[in-house]
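Working notes, structure below.
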Amino acid sequence: MSVSDHTPKRPSGFWSYANPVKFLGFSQRILPTLWVLSAICLVVGLIWGFFFTPDDFRQGSTVKIIYLHVPSALMAINAWFMMLVASLIWLIRRHHVSALAAKAAAPVGVVMTLIALFTGAVWGEPMWGTWWAWDPRLTSFLILFLFYLGYIALWSAIEDPDTAADLTSVLCLVGSVFAVLSRYAVNFWNQGLHQGASLSLDKEENVADVFYFPLLVCIAGFVLLFFALVLYRTGTEIRLRRTRALQAREVRA
Amino acid sequence: MKALLKRDLMLAFRAGGGFGLGLAFFLIVTVLVPFGVGPNSDLLSRIAPGILWLGALLACLLSLDRLLALDWEDGTLDLLATSPLPLEAGLSIKALAHWISTGLPLVLAAPVLGILLNLPTPGYGWLVLSLLLGTPALSVIGTFGAALTVGVKRGGLLMSLLVLPLYVPTLIFGAEAARRGATGMDATTPLLMLAGITAGVIAIMPFASAAALRVNLR
Amino acid sequence: MKALLKRDLMLAFRAGGGFGLGLAFFLIVTVLVPFGVGPNSDLLSRIAPGILWLGALLACLLSLDRLLALDWEDGTLDLLATSPLPLEAGLSIKALAHWISTGLPLVLAAPVLGILLNLPTPGYGWLVLSLLLGTPALSVIGTFGAALTVGVKRGGLLMSLLVLPLYVPTLIFGAEAARRGATGMDATTPLLMLAGITAGVIAIMPFASAAALRVNLR
Amino acid sequence: MTLTIRDLCVARGGVPVLDRLSFALVPGQALILRGPNGSGKTTLLRTLAGLQPPLSGHIEAAEESIAYSSHSDGLKSMLTVTENLRFWADVFGQGDIEPALAAFSLSPLRDRMAGTLSAGQKRRLGLARMLVTGRPIWMMDEPTVSLDVDAVVQFASAVSAHLGAGGSALIATHIDLGLEAEVFDVTPYRAALDARAGASDEAFL
Amino acid sequence: MTLTIRDLCVARGGVPVLDRLSFALVPGQALILRGPNGSGKTTLLRTLAGLQPPLSGHIEAAEESIAYSSHSDGLKSMLTVTENLRFWADVFGQGDIEPALAAFSLSPLRDRMAGTLSAGQKRRLGLARMLVTGRPIWMMDEPTVSLDVDAVVQFASAVSAHLGAGGSALIATHIDLGLEAEVFDVTPYRAALDARAGASDEAFL
Amino acid sequence: MMPDLGKYADAVLSAYGGTILLLLLLVIFTLRRGRAAREALESVEKRIKPNG
Ligand code: HEM
Ligand SMILES: Nc1ncnc2c1ncn2[C@@H]1O[C@H](COP(=O)(O)OP(=O)(O)OP(=O)(O)O)[C@@H](O)[C@H]1O
Ligand SMILES: Nc1ncnc2c1ncn2[C@@H]1O[C@H](COP(=O)(O)OP(=O)(O)OP(=O)(O)O)[C@@H](O)[C@H]1O
Ligand SMILES: [Mg+2]
Ligand SMILES: [Mg+2]
């Protein structure tokens with residue numbers, strides 16, 4: 001005998017912030033601060049980096065690209081990680097806000113990936129004499145970009161929001177596993193052929209303090225901007241869902 | 001006619017309509033080639049023009065599937081065939097919508113993907129030009145293939161099979177032009193041939209497509 | 001279970017069922033490569049293992065479209081989901097049927113097509129072996145992609161977009177093994193990795209696929 | 001605007017299904033096609049709508065006077081109700097879609113994607129499409145499938161209004177539409193087993 | 001083998017459509033679901049068949065006791081009538097398909113590809129599928145669409161035989177089946193506009 | 001004020017320009033979509049409870 005029994009659960013405590021309306025209030029309170037802080041960090045960090053740091057003795061002025069390249073690369077990876085966590089929360093606890101936050105983070109993640117790819121390519125042209133090389137690190141980044149594209153395409157292809165949330169979450173899990181697998185595969189693949197260009201021109205030990213502090217400020221700026229954008233976009237998604245919900249009921253009146 | 005074009009574009013750009021997917025497929029094929037062939041940049045730059053043309057062609061091909069099949073399945077084609085619009089015009093419009101939503105983005109994306117494959121610098125202009133001239137022919141020929149196979153459920157693969165041989169002349173001249181351009185040779189002759197093919201195909205194919213579709217509707 | 005396997009194979013081999021089309025697509029892509037890349041036989045023999053793997057992968061990918069979508073459209077999946085067969089088993093069977101009707105023929109055809117691309121003699125054995133080990137993984141991963149996109153009308157291209165990045169590890173190890181084999185190097189390491197991926201994927205993927213399909217049926 | 005058929009023979013899959021049909025459909029008249037499953041009603045309607053050629057016989061009708069509605073509705077699930085209807089109105093060069101929406105009480109659903117409608121709501125939208133064709137002769141294949149009682153009444157009054165405005169209708173159906181109309185039973189015209197009548201495989205018999 | 005539902009709320013597209021439904025279906029009983037287009041009959045049947053979860057409430061039924069037949073028939077156009085039926089019989093572990101063929105007079109069509117059948121013939125094949133499931137509870141969504149009068153009678157007698165053998169049936173339909181059965185009208189249970197009941201978009205209201 | 005970027009001026013400037021452009025586009029699209037969503041929601045809310 002199968003008995004299926006469904007009683008809605010109501011969250012409490014920390015998870016009550018997973019209630020969309022509560023979340024909207026919360027984000028509205030902290031968003032202005034976030035916007036301002038991220039703008040300050042970005043402006044200060046980038047101006048500091050661009051105008052007030054010396055040239056590297058080997059790389060010349062191109063070293064200034066580091067203030068864009070490294071923060072964006074960091075955020076590109078962390079955005080995916082955040083989506084993975086949010087997807088897990090949705091699959092396990094079914095809080096709408098976390099699913100919508102994952103949805104909201106994806107476009108931000110792609111743009112970060114694009115920035116990292118673009119600045120890297122622009123950097124690579126003077127340093128390696130080529131825009132692009134099939135170096136393992138660059139390659140695995142390109143694969144990450146593809147995963148982002150697939151994830152976003154799946155979200156937009158499915159009409160029912162809950163179905164879309166479930167499917168994209170499953171894709172995010174499986175995709176993460178395969179992203180790690182690809183990373184190892186790519187390492188293996190390129191060692192065998194000894195690709196000339198190497199990324200380790202400038203290992204961390206070489207990064208002098210003059211470069212290091214503005215870099216930290218820029219990283220902080222990118223992190224704050226990421227959170228501001230994701231929070232705001234999550235709010236947008238919540239409003240769209242609410243509009244949809246209200247319209248659905250209105251129509252049947 | 002305008003209504004049909006508008007609707008087709010609207011459907012293509014709306015969620016799930018497939019806009020951007022051809023592009024994504026192009027990107028992915030280009031990315032996968034080095035995984036298959038190996039990361040040697042010299043080798044890659046030699047095969048780059050050919051692979052880019054082939055990738056664009058495959059992306060075009062795969063998106064043909066939705067060109068008529070969806071309209072067939074939900075009965076729209078039956079209704080269109082009994083509407084005042086002549087079938088030839090309708091199919092031309094559909095090919096145009098396909099080109100705008102698939103071919104054109106491919107042309108624009110090709111140079112970016114050229115970077116990934118180390119396309120030699122002089123090749124970019126020629127690549128874009130040859131694709132610009134060649135992709136309309138791909139859409140029009142593809143419409144014919146779609147019209148032939150529209151009655152076959154999930155005829156996608158069968159259609160690929162029928163259409164690919166028809167794509168051969170376009171591919172040969174297009175890739176030849178891009179390759180000559182990339183190696184600094186003169187590429188006007190293959191480009192002229194390519195333009196000729198495209199013009200001829202645009203003028204004649206819609207009649208063949210309409211004839212095929214009429215048979216299928218029967 | 002046997003009934004499902006039998007039916008799927010019967011459908012694949014019957015007219016319009018798609019058997020042979022994957023093969024034909026493989027053939028045509030391989031034939032088109034020289035048109036795109038140019039007829040230099042040295043160049044061709046260097047890229048042959050990679051192109052053959054890529055061609056097999058694309059052929060596999062394109063035939064995935066029919067794996068679930070047809071059953072979805074005519075309501076068979078609804079009925080199957082309410083039948084005594086667990087969905088995980090059903091999907092594994094379907095992946096198996098797909099491999100038998102698509103992957104296996106590709107493996108058998110690859111050496112013949114190798115001749116067209118001037119594959120070096122020592123490469124044949126390794127190519128076949130790597131394809132034999134790798135294609136089951138392609139079918140199983142592909143089933144997952146099909147289950148994700150089954151609710152999307154004509155989701156073929158979307159499915160390609162989702163599935164292709166998942167194919168990367170398989171492609172890298174497979175093509176690497178074939179390439180090493182062709183140049184006379186030792187290819188056991190990539191082959192072992194390939195076998196590992198295939199085994200892991202066969203064990204775990206059906207659960208992910210069934211989960212995705214259940215969501216879609218809802 | 002009269003549709004006249006004489007000595008018509010229609011085939012499906014190369015086999016004649018109905019033979020020696022003759023009738024006329026005059027303006028203001030509705031004709032209900034009846035016949036058991038598989039007797040050839042769908043085949044006849046498709047032939048008259050010009051989607052397939054008859055094996056033999058004559059069909060006389062003014063150019064572009066026939067609107068055909070099949071088992072499937074030709075709806076795009078990703079377009080809204082109004083967008084779907086608007087498209088067909090544009091294709092047939094008609095202007096206003098409001099009367100069609102009103103006739104099948106689709107107005108409350110106007111901004112819903114067609115894919116989210118229930119079976120009967122989809123069907124109503126498919127029928128509303130006939131109103132925006134502006135064509136005088138309607139051919140409908142089982143139009144009331146999935147419709148509830150109220151919607152069948154709406155349909156009947158839409159047909160009556162069409163007839164009143166000088167149109168005509170040929171409707172294949174198994175159920176009673178509550179419409180004042182002549183019934184035409186195709187059963188007596190089913191093609192004999194040895195009927196040839198120019199079938200595509202005649203040469204092999 | 002009784003199907004009992006209590007306080008059930010079902011949703012489509014995240015919106016509750018029917019609320020606080022309770023009834024029981026005992027062996028030997030048939031229940032006809034009625035309600036205007038879009039009232040939620042299809043949604044209810046899909047929920048009971050286990051294809052989608054209910055928003056709230058209880059469903060009690062024996063494991064694997066329900067056979068569901070939807071608007072579409074799950075037929076492969078490239079398999080013959082017998083091959084289609086044989087497949088489903090195998091999946092459900094049943095043996096003989098002849099009684100099912102006979103019950104809907106499909107025997108003359110047995111070697112035809114399902115794709116070449118007429119609308120009503122396809123539907124008869126879809127209904128024959130229910131007979132080879134061997135399951136006691138039938139759920140059918142508008143089973144008699146496209147059927148002619150004789151076929152409706154065949155269908156009614158197939159259902160009666162099933163009930164006589166201790167089975168039960170839940171049938172959504174708009175037309176009269178000529179079956180001795182209780183009618184359950186879903187109209188009073190339509191979910192109120194502000195019903196929440198755990199709808200997936202409840203949190204957004 | 002402008003630092004001397006030497007022969008790499010093109011690279012550095014285009015990297016900064018490109019990045020800032022992309023970030024600005026992202027922010028602008030985000031805000032535009034947000035505003036549209038807010039307005040749509042408000043209009044629906046107003047329609048549903050005209051006096052509340
Ligand atoms: C398209 C080309 C490039 C891509 C996709 C790329 C990608 C990446 C990635 C993914 C990271 C890792 C960030 C992290 O793990 O936190 C990174 C870091 C870095 N990249 Fe690039 N990069 C590219 C080109 C370059 C070039 C040409 C240079 C300099 C010559 C460069 C210098 C660096 C440095 C210095 C770091 C920080 C190193 C560290 O913290 O480990 N990159 N890049
Ligand atoms: N390829 C074919 N070969 C032989 N007979 C066919 C073929 N296709 C269809 N038929 C038969 O042609 C006949 C006419 O079918 P049609 O769809 O016109 O019937 P119908 O009157 O519309 O029936 P229904 O009321 O069930 O919709 C049917 O008996 C059908 O089985
Ligand atoms: N995505 C959605 N959003 C909002 N409402 C929806 C959605 N999908 C379906 N609906 C509505 O849910 C209701 C229930 O539909 P259902 O198919 O269950 O009705 P039904 O009783 O079977 O109708 P019919 O008799 O026409 O088949 C319909 O009013 C439909 O318009
Ligand atoms: Mg019919
Ligand atoms: Mg229904």
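What's counted below: heavy atoms across the whole structure, side chains too, no hydrogens, waters or symmetry copies. Order of the sequence lines sets the chain letters (A, B, ...), proteins ahead of strands, with each chain counted from 1.
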* Check each atom of B:Leu61 against the heavy atoms of chain C and say whether the ones under 4.5 Å are side chain, backbone, both or neither. => side chain

* Worked check of side chain to side chain contact (heavy atoms under 4.5 Å, CB included) between B:Phe35 and C:Val168 -> CA-CA 8 Å; B:Phe35 292 137; C:Val168 167; 3.9 Å; yes

* Structure fact -> CD1 (C:Ile28) and OG (B:Ser160) are apart, to the nearest 0.5 Å, by 8.0 Å

* Heavy-atom check, side chain of B:Val31 versus side chain of C:Leu164, under 4.5 Å -> no

* Answer with side chain, backbone, both or neither: which region of C:Leu23 has an atom nearer than 4.5 Å to a non-hydrogen atom of chain B? => neither

* Structure fact -> Turns out that what part of B:Leu58 lies under 4.5 Å from chain C's heavy atoms comes down to side chain

* **Distance-minimising heavy-atom pair for C:Leu161 and B:Ala24** => CD1-CB, 3.3 Å

* To do: Taking the side chain as every heavy atom from C-beta outward, state whether B:Asn40 and C:Arg46 have any pair of such atoms under 4.5 Å apart.
  => yes

* **Separation between CD1 of C:Ile47 and CG of B:Leu43, rounded to the nearest 0.5 Å** => 7.0 Å

* Could you look at C:Leu27 and say if it's the side chain, the backbone, both or neither that has a heavy atom under 4.5 Å from chain B? => neither

* **Contact summary for C:Gly36 and B:Leu171, nearest pair of heavy atoms** => N-CD2, 4.4 Å

* Using non-hydrogen atoms only, which part of C:Leu54 is less than 4.5 Å away from chain B: side chain, backbone, both, or neither? -> side chain

